[in-house]
Amino acid sequence: MTTIDANPAPDPAPAGAPDELDRDAIRKILAGADPALLLNCLVQLTGDVSLLDTFGGEAVQRPDPTRRLMPATVMPDADADAVIDRLSALLGGPDGRADRAPLPVPDLDLFRRMTELAVGDSVGPEFPPLLIEQAGFRLERQVVPVTRRPPASFDVAVIGAGMAGIHTAITAERRGFTCRVFERANDIGGTWRVNTYPGVAVDTPSLYYSFSYELNPDWTHFYPAGGQYQTYLRRVVDRHGLREKISFGTEVTGLRWDESVQRWQLTLRAADGTVSTTSAAAVVTAAGFLNRPSVPNVPGRTDFAGDQFHTAEWDERVPLAGRRVAVIGAGATALQVVPSLIDDVASLALFQRQPHWVLPKFSGEYEVPEAERWALRHVPFYHQWARLKAYWFMSDNLYPNIRADAEWMRDHPHSISPGNERVRQVCLKYIDEMFGDEPDLAAAMTPDFPPMGKRIIKDPGGYYAALRRDHARVVTAAIDRVVPEGIVTADGELIELDVIIWATGFTLDFLSPVEIIGRDGRKLSEEWDGGRAPSSYLGGTVPGFPNLFVTSGPNSSAGHGGGHNFMVESVVHYIMECLQLTVERGARSIEVTRRAHEEHNAEVDTVMAGTIWCNAPTAHTYYRDANGRPILPSPWRMVDFWAKLRAPVEDHFVLS
């Protein structure tokens, strides 16, 4: 089978480290980098803050017509040339350095000023403490005063070795906690291990989608394929010596709190079915909230005579070339799979229950330019500033897009705010560009709800184009049943097929595969059942379940921007602060109070009421539970959620 390469090989990056190139060569390379970021690097390398006044006063950010990932910095040519000349002199030789000490980590006031230069925007005083860590200038800071080291008996068990589990283990070890990781598969990676379908990639910019303390200058594309992330995670695991701490092929099937010893008893099942037990003082679940493939219970599904599989269980043995293929689902996975298959199949039918709003992928969002890659690797501090800029333009400046403006909504039935309408217009323009001559298809691809009502997705560069092909069709009629020959729709049409690919996502189940029994024999499944939506305190703790912390818990995902890495780092920081507080108080367990839990979730509901997820009822989204309550996204700005997670409020917990 031939597939589209999601990441075609870029041109080779400029060869040579700075000491292998002369100044002219360095100068030519840096001419293609971001001049505002270069100026910040020059200030840090020389310690000369006056350079900001000399060269930064007229720098502005303007939309880049070739690349919409971030705006481009525009600086007067003379200023940009002077910055590049001085930086080239520093990188290419010993002269040119000012007689001042370098500034590896600027103080917060200076950092705020430099950030405003980098992003071309005013930056509120609440942002620098977050940005200086997320950019990678310094490690996350411990807030609970540390006077005691964790005893060996206060050990931590981590469930899962994906991004969250890897980061938890690294942070726990750095904080002095003994840590073990249990992974049911035979490799690390989580999502990037499971999903190997053609075209799999990430829609978070690579400059940002990494750990803040493990920046990677080797991304070749703005949105690399999933395999590159798996490689990155393996490298991080090996760099930190984690493999010996991971029990592969070991599934945690049960957790039971033993009050007599104040420890969790873990039931483990090996790949061969052998069952064993172990214990830990604290447990951090890092299995994610979307960890089991979801296949609709369609009548007759098992009667199909052809081949079928879920995208998370991609079967390379099944031939697709020249065959009649159905893709069920029209979400992010389908957007990547469809263009990867369209050239090979005899026909492709996309079964779409509800269209998504789709953002176009602009021409500059493929390869990272040569100069940028060279600067990321060789110019001190450039990578941190580039990461900061990428974060800034995909985080809280997008928050207005999900906040409902009641006055606006009275006159605009298809959007909830001016910002939300701007997103809608970008998407509508793309639909018109691609399907303007096919009104029926354009109508089928136009959602009837405001943007962000369900997860907005980005065309990898060929999705809409693939659906225009003569041998492709979009089926909007509901599936009535599957028969041996194919699929029968609700209007009675039989669509004959050879292969059915279920691109239907994952079950949002929050730990349901694990039986978790807390204090007094209470089951977490019962706590989150019986008409009650899954809920937790600050995304991770539940009354009655001491020393249990849930990453990717209820209302702890950034729904308006950012990336999973941000929420993982924020929540794990909070978990470690809770554990350190327990150690400092000489306690053995920490448990959130019922009152704190209820008050927190009342606040969640109050703030959530003003978001898109409570004001777009026609959007079918896994962000809401069966009763309509949004249970996945956080309703706050990312900086506000981050601030809430700096340290536990001791009165909100019982330590014993």
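Remember, predicted model here, so these are calculated numbers, not experimental data. Sequence positions, counted from 1, serve as the residue numbers for this chain.
- Here Asp605 contributes atom CG and Cys614 contributes atom SG; the two are 7.5 Å apart, rounded to the nearest 0.5 Å.
- In summary, Arg455 and Asp203 engage in a salt bridge, as defined by a charged side-chain N under 4.0 Å from a carboxylate O.
- Taking CD1 of Ile612 as the reference point, atom CD1 of Ile416 lies at 3.5 Å (rounded to 0.5 Å).
- Annotation: Arg522, atom CZ; neighbour count of heavy atoms from other residues, nucleotides and ligands within 6.0 Å is above 12.
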(request) Run the numbers on Thr541 and Ser536 for side chain to side chain donor-acceptor pair (under 3.5 Å), then give the verdict. (result) CA-CA 5 Å; Thr541 58; Ser536 63; over 6 Å; no
(request) Would you sort out whether Ser552 and His564 count as a side-chain contact (heavy atoms from CB on, under 4.5 Å), showing the intermediate values? (result) CA-CA 9 Å; Ser552 300; His564 183 53; 3.3 Å; yes
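- Shown here are the ring-ring contact (aromatic ring centres under 6.0 Å, His included) partners of Tyr622, two or more places apart in sequence or in another chain: there are none.
- Taking 4.0 Å as the cut-off between side-chain N and carboxylate O, Arg595 and Glu599 count as a salt-bridged pair.
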(message) Determine whether Phe566 and Met638 satisfy the following criterion, side-chain contact (heavy atoms from CB on, under 4.5 Å), listing intermediate values before the conclusion.
(response) CA-CA 9 Å; Phe566 170 83; Met638 294 166 67; 3.5 Å; yes
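- Scanning both residues, Val604 and Pro635, for their nearest heavy atoms gives O-CG, 3.9 Å.
- Arg193 has its side chain within reach of Glu183: a pair of non-hydrogen atoms, C-beta onward, lies under 4.5 Å apart.
- In this structure, the side chain of Arg292 does not engage the main chain of Phe506 through any donor-acceptor pair within 3.5 Å.
- Put simply, the side chain of Lys389 never gets that close to the backbone of Val119: no donor and acceptor are under 3.5 Å apart.
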(message) Using the rule given for salt bridge (Lys or Arg N to Asp or Glu O under 4.0 Å), can you reason through Glu591 versus Arg519, listing the C-alpha separation, both sets of side-chain angles and the distance that settles it, and then say yes or no?
(response) CA-CA 10 Å; Glu591 178 185 346; Arg519 192 188 302 278; 2.5 Å; yes
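- Sorted by first then second residue, the salt bridge (charged side-chain N to carboxylate O under 4.0 Å, His left out) pairs that include residues 566-582, not counting sequence neighbours, are Arg175-Glu577.
- Two residues are said to be in side-chain contact when any heavy atoms from C-beta on lie closer than 4.5 Å; Glu313 and Pro293 meet this criterion.
- No donor-acceptor distance shorter than 3.5 angstrom exists from the side chain of Arg624 to the backbone of Ile631, with no hydrogens or angles considered.
- A donor-acceptor pair under 3.5 Å links the side-chain atoms of Asn420 to the main chain of Asn401, judged by distance alone.
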Considering only distance and modelled atom types, tabulate donor-acceptor pairs under 3.5 Å from the side chains of residues 148-159, sequence neighbours left out.
from	atom 1	to	atom 2	distance (Å)
Asp155	OD1	Arg263	NH1	3.0
Asp155	OD1	Arg263	NH2	3.1
Asp155	OD1	Ala281	N	3.1
Asp155	OD2	Arg263	NH2	3.3

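- Aromatic ring centres of Tyr208 and Trp219: separated by at least 6.0 Å.
- His560 and Arg403 form no side-chain donor-acceptor contact under 3.5 Å, judged by distance and modelled atom types alone.
- Considering only heavy atoms from C-beta on, Ser210 comes within 4.5 Å of Arg387 through its side chain.
- Side-chain contact between Ile170 and Val237: absent, with no pair of heavy atoms (C-beta onward) separated by less than 4.5 Å.
- Within the structure, ring-ring contact (aromatic ring centres under 6.0 Å, His included) pairs that include any residue of residues 636-656 comprise Tyr537-His652, Tyr537-Phe653, His600-Trp636 (at least two apart or interchain).
- Thr606 OG1 to Asn601 CG: the interatomic distance, rounded to the nearest 0.5 Å, is 10.5 Å.
- Side chains of Asn547 and Ile590 form a contact here, defined as non-hydrogen atoms less than 4.5 Å apart.
- With sequence neighbours left out, the side-chain hydrogen bond (donor to acceptor under 3.5 Å, both in side chains) criterion links Glu126 to Arg637.
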(message) I'd like to know whether Thr171 forms a side chain to side chain donor-acceptor pair (under 3.5 Å) with His573, so could you lay out the CA-CA distance, the side-chain angles of the two residues, the decisive distance to 0.1 Å, and finally the verdict.
(response) CA-CA 8 Å; Thr171 308; His573 167 89; over 6 Å; no
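- In this structure, Phe137 and Phe111 have perpendicular ring planes: the angle between them is above 60°, well past the 30° mark.
- Trp264 pairs in a side-chain contact (heavy atoms from CB on, under 4.5 Å) with only one of the listed residues (Val252, Ile517, Ile516, Thr278), which is Ile516.
- With respect to Arg594 and Glu527, a salt bridge is recorded, a charged nitrogen being found less than 4.0 Å from a carboxylate O.
- One N or O on the side chain of Asp396 and one on the backbone of Val639 form a donor-acceptor pair closer than 3.5 Å.
- Here the side chains of Ser589 and Trp257 are in contact, with some heavy-atom distance below 4.5 Å.
- Using a 4.0 Å cut-off between charged side-chain N and carboxylate O, Arg585 and Glu650 make a salt bridge.
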(request) Apply side-chain contact (heavy atoms from CB on, under 4.5 Å) to Asp218 and Leu376, showing your working. (result) CA-CA 8 Å; Asp218 297 327; Leu376 291 171; over 6 Å; no
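- Partners of Phe549 according to the ring-ring contact (aromatic ring centres under 6.0 Å, His included) rule, which considers only residues two or more places apart in sequence or in another chain, do not exist here.
- Proximity of Ser206 to Gln228: side-chain heavy atoms (C-beta onward) are nowhere separated by under 4.5 Å.
- Atoms CG and OG, on Leu131 and Ser212 in that order, are 12.0 Å from each other to the nearest 0.5 Å.
- Salt bridge annotation for Glu140-Arg174: present, with a cationic side-chain nitrogen under 4.0 angstrom from a carboxylate oxygen.
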(message) Checking His240 against Tyr213 for the side chain to side chain donor-acceptor pair (under 3.5 Å) test, could you report, in this order, the C-alpha distance in whole Å, the side-chain angles of both residues, the deciding distance, and whether it holds?
(response) CA-CA 12 Å; His240 289 268; Tyr213 51 89; 5.7 Å; no
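- For the pair Thr204 (side chain) and Gly563 (backbone), a donor-acceptor distance under 3.5 Å is absent.
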(request) Could you please spell out the steps behind the ring-ring contact (aromatic ring centres under 6.0 Å, His included) verdict for Trp392 and Phe127? (result) CA-CA 10 Å; Trp392 183 260; Phe127 286 100; 5.1 Å; yes
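- Side-chain contact between Tyr209 and Met163: present, with at least one pair of heavy atoms (C-beta onward) separated by less than 4.5 Å.
- For the 3.5 Å distance criterion, the side chains of Asn216 and Arg235 qualify, holding a donor opposite an acceptor.
- Using modelled atom types, one side-chain atom of Gln44 and one backbone atom of Pro104 make a donor-acceptor pair closer than 3.5 Å.
- Without hydrogens or angle criteria, Thr504 side chain to Ser294 main chain gives a donor-acceptor distance under 3.5 Å.
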(request) Tell me, with the steps shown, if Arg646 and Tyr574 meet side-chain contact (heavy atoms from CB on, under 4.5 Å). (result) CA-CA 6 Å; Arg646 288 307 83 203; Tyr574 184 74; over 6 Å; no
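- For Asn565 (side chain) and Phe211 (main-chain N/O), no donor-acceptor pair under 3.5 Å exists by modelled atom type.
- Formation of a donor-acceptor pair under 3.5 Å by the His310 side chain with backbone atoms of Gly505 is found in this model.
- Counting all heavy atoms, side chain and backbone alike, Glu133 lies closest to Arg141 at OE2-N, 3.0 Å.
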